[in-house]
Amino acid sequence: MTGVDNARRVERTSRHKPLLTPGRTPQVGGPAPDIDTWRSMLRDCIVELDAAPFDRAVAARPGYTGWAYLLDLGSISITDVGSDPARVARTSRAIRRSNDDFYHLSIAQHPSRSWQAEHHARMATGDAVLLDCTQPFWLAADNFAHHVVVSVSQSDLTRTFRMERDLLGRRISARNTMLRVLTAAIGELGKEPGSLPSGWETEIGHTVTELIVSTLRLEETGRPADAGAGLGHRAQLLRMQDFVRRHIAEPDLSTRMLAGAFEVSRRYVEVVFHDAGLSPSRFIRETRLELAARVLGDPRQSHRSVAAIARSVGIESPTAFARTFRARYDLSPTDFRHSATQL
């Protein structure tokens, strides 16, 4: 390595430092001289992952910066990983070769991107994403890649928290209060691990697990940092009902669409409607049918076919419309129209 290359490596290392201070507590891992070594360290510290640099020509130059430091806390582990620009992936092939069943809460220390379970997330510094190692996923960073990954067994986490699939792969904002508390706690463990009494690793592991559960529960039941999410359930219900009415002609209108529009989980949408004695799917269905009934009973709309009216309220199948309409009004749409016009 030339003096210039060494100087560049020292400069990069000084700019990018692990959150877990190396050498301050018993750890697995260390600095990596190249990305192949770093890939092996990821397998030892987290789970088997495919890792590749974004630019192989750049990666081949001397001066690669990368590390992986594992802090074992009994029931959980915390791994600080950093690398020059790279993409890591949990592939189907790796999943078939292992029996691992962990959830990984990956907290971004630099901007990055991820994907799992149909969610593409763009993470700013401090954001996080929950990943399931029994399903494919990937993480990538165009610039320096740095994450703190908290790994917990799925059985331990689901013992106290009912996992919703919609949480997997979705960005958890750094404004999530419990995520900030968790990140601060990890930072303290990294700074002063030697001050902890011997034998307390398992107790601390349980505490960190509780913080993860609190982070996910806050994410699932509402994200007050996001626009409008700080409103009470009653106010949110009114906004969501208004959204349904304005988008009633869309066939894809659903709990999922509401969750996406308001940037909350599907579970949160269900909680908001449940507090009013409703379910989102039932409200959508009833709103469709009530609007259709008004149109069918309006003599000025007699020129419109039943199928066209069904489409105007988001029901594309005439058969499905007739069936659900009869279940609600005890009449077919045609008979309902005839009886209404005779009044």
Inset, instruction - To the nearest 0.5 Å, tell me how far Leu291 CG sits from Arg245 CZ. - result: 11.0 Å

Legend entry - Joint cluster assignment, Trp115 & Val81, ILVMFWY side-chain distance < 4.5 Å: no

Inset, instruction - Please report the shortest heavy-atom distance between Trp38 and Trp67, naming the atom on each side. - result: NE1-O, 2.9 Å

Inset, instruction - Output, in order, the C-alpha distance, side-chain angles, deciding distance and verdict of side-chain contact (heavy atoms from CB on, under 4.5 Å) for Val269 and Met240. - result: CA-CA 8 Å; Val269 175; Met240 290 180 181; 4.1 Å; yes

Legend entry - Nearest-0.5 Å distance that lies between atom CZ in Arg122 and atom CG in Asp127: 12.5 Å

Enumerate donor-acceptor pairs with a distance under 3.5 Å from any side-chain N or O in residues 303-313 to protein atoms, sequence neighbours excluded.
residue	atom	partner	partner atom	Å
His303	ND1	Arg300	O	3.3
Arg304	NH1	Gln301	OE1	3.3
Arg304	NH2	Ser312	OG	3.4
Ser305	OG	Ala308	N	3.1
Ser312	OG	Ile309	O	2.6

Legend entry - Val47 versus His104, closest heavy-atom pair with distance: CG1-NE2, 4.0 Å

Inset, instruction - Quick one: closest heavy-atom pair of Val129 and Ser114, and the distance? - result: CG2-OG, 3.8 Å

Inset, instruction - Measure across Ala52 and Ile35 and return the closest heavy-atom pair with its distance rounded to 0.1 Å. - result: C-CD1, 3.7 Å

Legend entry - Any side-chain heavy-atom pair of Gln154 and Thr134 under 4.5 Å: yes

Inset, instruction - Calculate, to the nearest 0.5 Å, the distance between atoms CZ and OG belonging to Arg256 and Ser265 respectively. - result: 12.0 Å

Legend entry - Straight-line distance of His146 NE2 to Ile107 CD1, nearest 0.5 Å: 10.5 Å

Legend entry - Flag for Thr37-Asp34: side-chain donor and acceptor within less than 3.5 Å: yes

Inset, instruction - Answer yes if Ile78 and Met178 sit in the same cluster of Ile, Leu, Val, Met, Phe, Trp and Tyr residues linked by side chain heavy atoms under 4.5 Å apart, and no otherwise. - result: yes

Legend entry - pair Tyr268-Glu263: side-chain heavy atoms closer than 4.5 Å: no

Legend entry - Other residues, nucleotides, ligands: >12 heavy atoms within 6.0 Å of Arg180 CZ: yes

Inset, instruction - For residues Glu219 and Leu167, determine if any side-chain heavy atom of one lies less than 4.5 Å from a side-chain heavy atom of the other. - result: yes

Legend entry - Separation between CG of Asp84 and OH of Tyr64, rounded to the nearest 0.5 Å: 6.0 Å

Inset, instruction - Provide the closest heavy-atom pair for Thr287 versus Phe283 in the form atom of the first, atom of the second, distance. - result: OG1-O, 2.7 Å

Legend entry - Heavy-atom closest pair, residues Leu211 and Ala185: CD1-CB, 4.1 Å

Inset, instruction - Give a yes or no on whether a salt bridge exists between Asp36 and Arg39, defined as a side-chain N under 4.0 angstrom from a carboxylate O. - result: yes

Legend entry - Single-linkage hydrophobic cluster Leu218~Val213, side-chain heavy atoms < 4.5 angstrom: yes

Inset, instruction - Answer yes or no: is there a side-chain heavy-atom contact under 4.5 Å between His147 and Ile46? - result: no

Inset, instruction - Decide whether Met257 and Leu238 are clustered together by the hydrophobic rule: side chain heavy atoms of Ile, Leu, Val, Met, Phe, Trp, Tyr closer than 4.5 Å, transitively. - result: no

Legend entry - Side-chain heavy atoms of Leu49 within contact of Leu139, under 4.5 Å: no

Inset, instruction - Could you tell me whether Asp142 and Arg113 have a side-chain N and a carboxylate O separated by less than 4.0 Å? - result: yes

Legend entry - Side-chain heavy-atom pair Val88, Trp138 within 4.5 angstrom cut-off: no

Inset, instruction - For the residue pair Leu258 and Phe273, establish whether any side-chain heavy-atom pair is separated by less than 4.5 Å. - result: yes

Legend entry - Joint cluster assignment, Ile204 & Val152, ILVMFWY side-chain distance < 4.5 Å: yes

Inset, instruction - Applying side-chain contact (heavy atoms from CB on, under 4.5 Å), run through Arg328 and Glu290 and close with a yes or a no. - result: CA-CA 9 Å; Arg328 173 69 174 80; Glu290 288 171 6; 4.2 Å; yes

Inset, instruction - Please test Thr91 against Ile95 for side-chain contact (heavy atoms from CB on, under 4.5 Å), starting from the C-alpha separation and ending with a verdict. - result: CA-CA 6 Å; Thr91 63; Ile95 293 170; over 6 Å; no

Inset, instruction - Answer yes or no: does atom CG of Asn143 have more than 12 heavy-atom neighbours from other residues, nucleotides or ligands under 6.0 Å? - result: no

Inset, instruction - State the OG1-CD1 distance between Thr255 and Ile284, to the nearest 0.5 angstrom. - result: 5.5 Å

Legend entry - Pair Ser98, Arg90: side-chain N/O donor-acceptor within cut-off below 3.5 Å: yes

Inset, instruction - Please state whether the rings of His110 and Phe144 are parallel, tilted or perpendicular, taking 30° and 60° as the class boundaries. - result: perpendicular

Inset, instruction - Take Leu168 and Tyr103 through the side-chain contact (heavy atoms from CB on, under 4.5 Å) test and state the conclusion after the steps. - result: CA-CA 9 Å; Leu168 297 176; Tyr103 286 122; 3.9 Å; yes

Inset, instruction - Please check if the side chain of Arg170 supplies one atom and the backbone of Ala121 the other of a donor-acceptor pair under 3.5 Å. - result: no

Legend entry - Arg93 atom CZ, neighbour heavy-atom count above 12 within 6.0 Å: no

Inset, instruction - State whether the side chain of His274 and the backbone N or O of Glu270 hold a donor-acceptor pair below 3.5 Å, judged by distance alone. - result: no

Inset, instruction - Output yes when a side-chain donor or acceptor of Gln116 lies under 3.5 Å from a complementary backbone atom of Asp132, and no otherwise. - result: yes

Inset, instruction - Indicate yes or no: at least one non-hydrogen side-chain atom of Leu189 is less than 4.5 angstrom from one of Leu73. - result: yes

